[in-house]
Peer 1: 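The structure under discussion is supplied below as C-alpha cells; questions concerning it will follow.
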Amino acid sequence: MTIKLAILPGDGIGPEIIHQSLRVIDVLGRQGLSIETETAPVGGAGYDASGDPLPEATLALCESADAILFGAVGGPQYDTLPRAQRPEQGLLRLRKHFDLYANLRPAIVYPELAHASTLKTEVVAGLDILIVRELTGDIYFGQPRGIHTNADGLREGFDTMRYNEAEIRRIAITAFEAARKRGGRVCSVDKANVLETTQLWRDVVTETHADFADVELSHMYVDNAAMQLVRNPKQFDVIVTGNMFGDILSDAASMLTGSIGMLPSASINQKAFGMYEPIHGSAPDIAGKGLANPLASFLSLAMLLRYSVGQAEAADRIEAAVRQVLAQGLRTADIAEQGKPVVGLEAMGDAVVSALTAGA
Ligand code: NAD
C-alpha cells in the first residue's frame with residue numbers, strides 16, 4: 001500500500017523544516033515504506049499564488065491524501081490583509097472542512113533538554129504526556145453569544161458553553177485509544193462541580209470508559225489540573241479535556257518543556273484523517289537563515305505515521321533517531337545551553353537522516 005501525503009509547507013520557516021522532513025520521508029522510502037508526496041501552497045503562500053490562503057487545488061490535494069503534513073503559516077507582510085485572506089484562515093478552514101475535532105499535543109521533555117524548562121530538572125526530566133483537546137465545540141463555538149445592552153442599560157457580554165454527548169463521546173474514544181498506544185491512563189479534566197456542561201462531560205466520559213476497561217480513568221477539576229501540571233506533571237499520561245480548558249492547559253504543558261522548536265501536534269477526525277504540524281509558528285525572525293529547529297516537524301511526521309496510517313514502527317524509528325542526535329549533543333540555537341556550540345537546520349537534518357539510515 002502506498003501512503004499518499006499532502007505536504008503544505010506554508011510560510012516563513014515552514015518550507016525550510018518541511019524540506020528536511022521530506023529528506024526523512026526519502027529515507028523511510030529507501031527502507032521500504034512506500035510514501036508518495038505532493039506539495040501545495042497554503043497560508044500566505046496560497047494567497048501569493050492565487051489570492052486565497054486555502055487554494056482550491058490545495059484542498060483537492062488534501063482530499064485525495066491519507067494525511068496532511070503542515071509546516072507553519074503567517075508573516076508580517078500578511079497582517080494587514082482582510083480577515084478572510086489572512087494565512088491562519090487556511091489552517092482554520094482545513095480544520096473545519098475535515099472536521100478535525102481532536103487536537104493531540106504531546107509535551108515531552110528529553111532528559112538532555114530538561115535545562116530549557118523554567119521548572120526544576122527533577123520535576124520535568126523524562127516528562128511524556130499527551131493532551132487531547134476537543135477542538136470544534138465548547139464555549140468557543142456555542143450559540144447564542146454576543147454583546148448587548150441589558151435591561152439596566154449596561155453593556156453585557158455572553159457566550160454559551162455547550163457540548164452534546166456525541167461530541168464528548170468521540171473525543172473520549174480518541175483519548176482512550178491514544179492511551180492504549182502509550183501508558184494506558186486517561187485523566188479527564190472538567191469543572192463538574194460548577195458547570196452543567198462539564199457534568200455531562202464527566203458522565204459521558206465515564207460511560208464511554210465501559211468499552212475501554214484496560215485503560216485507567218481518573219477525573220480532575222481544571223483548577224487542580226493546572227496546579228498539578230506545574231507541581232508534578234509526570235503523574236499524567238493522557239489528559240482529555242474540552243476546547244477552552246485544553247487551550248489553556250496545552251499551552252501551559254508545552255511551556256513545561258521550554259522548547260517550542262521540539263513540539264509536534266495532530267488534529268484528527270473520526271476516520272483518523274489528520275493534519276500534523278509543529279506547535280510553533282512561521283518564525284519570521286529567523287526565516288531564511290537556516291537556523292530553524294526541524295525536530296518538531298520530524299516528530300509531527302512520526303505522529304502522522306502512528307495515528308493516521310498505522311505505521312507505529314516507522315514512527316518509533318524517527319523518534320529514536322531524534323533522541324539519538326540529542327544524546328550526541330547536537331543543538332539548534334533554540335535548545336542550546338548558553339555558551340555551548342550550536343548547529344543549523346541543515347546539520348540537524350543531516351544528523352537525523354544519518355541516525356535513521358543507520359538505525360534501519
Ligand atoms: P513563532 O512560534 O513563529 O515564534 C516564536 C519564537 O520562537 C520566535 O523567536 C521564533 O524564532 C522561535 N521559534 C519558533 N519555531 C522555531 C523553530 N522551529 N526553531 C527555532 N526557533 C523557533 O510565534 P510568533 O512569532 O508569535 O508568530 C509568527 C507568525 O507565525 C505569526 O504570523 C503567527 O500568526 C504565526 N503562527 C502560526 C502558527 C501555525 O502555523 N500553526 C502557530 C503560531 C503562530
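Counting convention: from 1, in listed order, for ligands and their atoms alike. FYI, the numbering just counts along the sequence from 1. Worth saying up front: this structure is predicted, and the values here are computed from it rather than measured.
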Peer 1: Would you call Asp251 and Arg105 a salt bridge, using N to O less than 4.0 angstrom?
Peer 2: yes
Peer 1: Check if Glu277 has a non-hydrogen atom at a distance under 4.0 Å from any atom of ligand 1.
Peer 2: yes
Peer 1: Ile13 heavy atoms, cut-off 4.0 Å: which ligand 1 atoms fall inside?
Peer 2: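 Those qualifying, in numeric order: 15 (N), 16 (C), 17 (C), 18 (N).
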Peer 1: Take every heavy atom of Ala296, measure it against each atom of ligand 1, and state whether any distance is under 4.0 Å.
Peer 2: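 The answer is no: ligand 1 sits nowhere under 4.0 Å from a heavy atom of Ala296.
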Peer 1: Take Ser259 and Tyr110 through the side-chain hydrogen bond (donor to acceptor under 3.5 Å, both in side chains) test and state the conclusion after the steps.
Peer 2: CA-CA 10 Å; Ser259 42; Tyr110 298 90; over 6 Å; no
Peer 1: Distance under 4.0 Å to a non-hydrogen atom of Ala292: what atoms of ligand 1 satisfy this?
Peer 2: 19 (N)
Peer 1: Test of understanding: with side chain to side chain donor-acceptor pair (under 3.5 Å), list the residues that count as partners of Gln235, not counting sequence neighbours.
Peer 2: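 Expected list: Gln228.
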Peer 1: So, 4.0 Å and heavy atoms of Leu91: is ligand 1 close enough to count as a contact?
Peer 2: yes
Peer 1: If you measure every N/O of Asp285 against every N/O of ligand 1, is any gap under 3.5 Å?
Peer 2: yes
Peer 1: Quick check: closest heavy atoms across Gly90 and Val42, and the distance to 0.1 Å?
Peer 2: CA-CG2, 4.4 Å
Peer 1: Which residue holds the protein heavy atom closest to atom 33 (C) of ligand 1, what is that atom called, and what is the gap in Å?
Peer 2: Val73 O, 4.4 Å
Peer 1: If you measure from the Lys or Arg side-chain nitrogens to the Asp or Glu carboxylate oxygens, is any gap between Arg23 and Glu346 under 4.0 Å?
Peer 2: yes
Peer 1: Any carboxylate oxygen within less than 4.0 angstrom of a Lys/Arg side-chain nitrogen, looking at Arg317 and Glu313?
Peer 2: yes
Peer 1: Near Gly281, which atoms of ligand 1 are under 4.0 Å from a heavy atom of that residue?
Peer 2: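 In order of numbering, the contacting atoms are 1 (P), 2 (O), 3 (O), 30 (O), 36 (N), 37 (C), 38 (C), 42 (C), 43 (C), 44 (C).
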Peer 1: Check whether any N or O atom of Gly261, backbone or side chain, sits under 3.5 Å from an N or O atom of ligand 1, and answer yes or no.
Peer 2: no
